[in-house]
Amino acid sequence: VKMMFANLAVKDLKQSMEFFSKVGFEFNPQFTNELAASMVIGENMFAMLLTHDHFKNFTKKEIANATNTTESIIALAVNSREEVDTYVEKAIEAGGKEPMKAQDHGFMYQRSIEDLDGHIWEFFYMDESTVQ
């Protein structure tokens with residue numbers, strides 16, 4: 001596998017782009033237009049934010065209402081506990097929600113947010129030196 005794209009249906013593309021920009025993500029203008037936005041997560045990792053009408057071109061299934069149903073949890077590893085907190089605090093300031101309390105397992109620290117459409121994003125730090 002050379003790249004990873006998570007495709008997410010969003011109700012308001014402009015609002016979603018503003019939200020994720022405030023959280024700290026950038027967008028690739030080469031693959032962004034009025035129907036879709038290519039959010040850069042990391043090297044060769046992207047989230048395609050697609051309007052509902054555009055998303056329907058890729059599936060025959062109903063689009064899940066992520067505010068009522070968990071469709072997936074996108075987990076992103078970061079470099080420190082402080083970075084976990086920074087991402088989550090920025091997301092909350094931008095209008096996201098923190099649906100669960102922070103989880104501290106000693107070797108791993110994680111916090112989750114729900115974006116404006118209810119998609120769950122988990123930010124975590126794992127100290128791999130402590131894992132047997």
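Keep in mind that what you see is a predicted model, and the values were worked out from it rather than measured. Each residue takes its place number in the sequence, starting with 1. Below, all heavy atoms of this structure are taken into account, side chains as well, without hydrogens, waters or symmetry copies.
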Restricting to pairs with a member in residues 56-71, which pass salt bridge (charged side-chain N to carboxylate O under 4.0 Å, His left out), not counting sequence neighbours?
none
When hydrophobic residues are tied together by side-chain contacts of less than 4.5 Å, even through go-betweens, does M126 share a cluster with V84?
no
D127 backbone acceptor or donor facing T130 side chain under 3.5 Å:
yes
Starting at CD of E89, measure out to CZ of F123 and round the result to the nearest 0.5 Å.
12.0 Å
For S80, the side-chain contact (heavy atoms from CB on, under 4.5 Å) test, sequence neighbours excluded, returns E82, E83
I need the L8 CG to M39 CE distance, nearest 0.5 Å.
7.5 Å
Residues 18-45 vs side-chain hydrogen bond (donor to acceptor under 3.5 Å, both in side chains), sequence neighbours excluded, gives none
Residues in side-chain contact (heavy atoms from CB on, under 4.5 Å) contact with M100, at least two apart in sequence or another chain
Q103
Could you state the interatomic distance from CG (L76) to CZ (F124), rounded to the nearest 0.5 Å?
8.0 Å
Filter on ring pair (Phe, Tyr, Trp, His ring centres under 6.0 Å), then keep only pairs touching residues 15-40, sequence neighbours left out; what's left?
F20-W121, F25-Y87
By side-chain contact (heavy atoms from CB on, under 4.5 Å) - contacts of L13 (at least two apart)
V10, M17, A37, L49, T51
Can you name the residues that form a side chain to side chain donor-acceptor pair (under 3.5 Å) with S16, not counting sequence neighbours?
D117
Suppose clustering is done on Ile, Leu, Val, Met, Phe, Trp and Tyr with side-chain heavy atoms closer than 4.5 Å. Which residues sit in the same group as M48?
M3, F5, V40, F46, L50, F55, F58, I63
List in chain and number order the residues that pass side chain to side chain donor-acceptor pair (under 3.5 Å) with E98, two or more places apart in sequence or in another chain; answer none if no residue qualifies.
R111
For Y109, give me all partners under side chain to side chain donor-acceptor pair (under 3.5 Å), at least two apart in sequence or on another chain.
D85
Hydrophobic cluster partners of I73 (side-chain heavy atoms under 4.5 Å):
I120
Under the rule for side chain to side chain donor-acceptor pair (under 3.5 Å), what residues qualify as partners of D104, not counting sequence neighbours?
R81
In short, S112 meets P99 closest at the heavy-atom pair O-CD, 3.5 Å
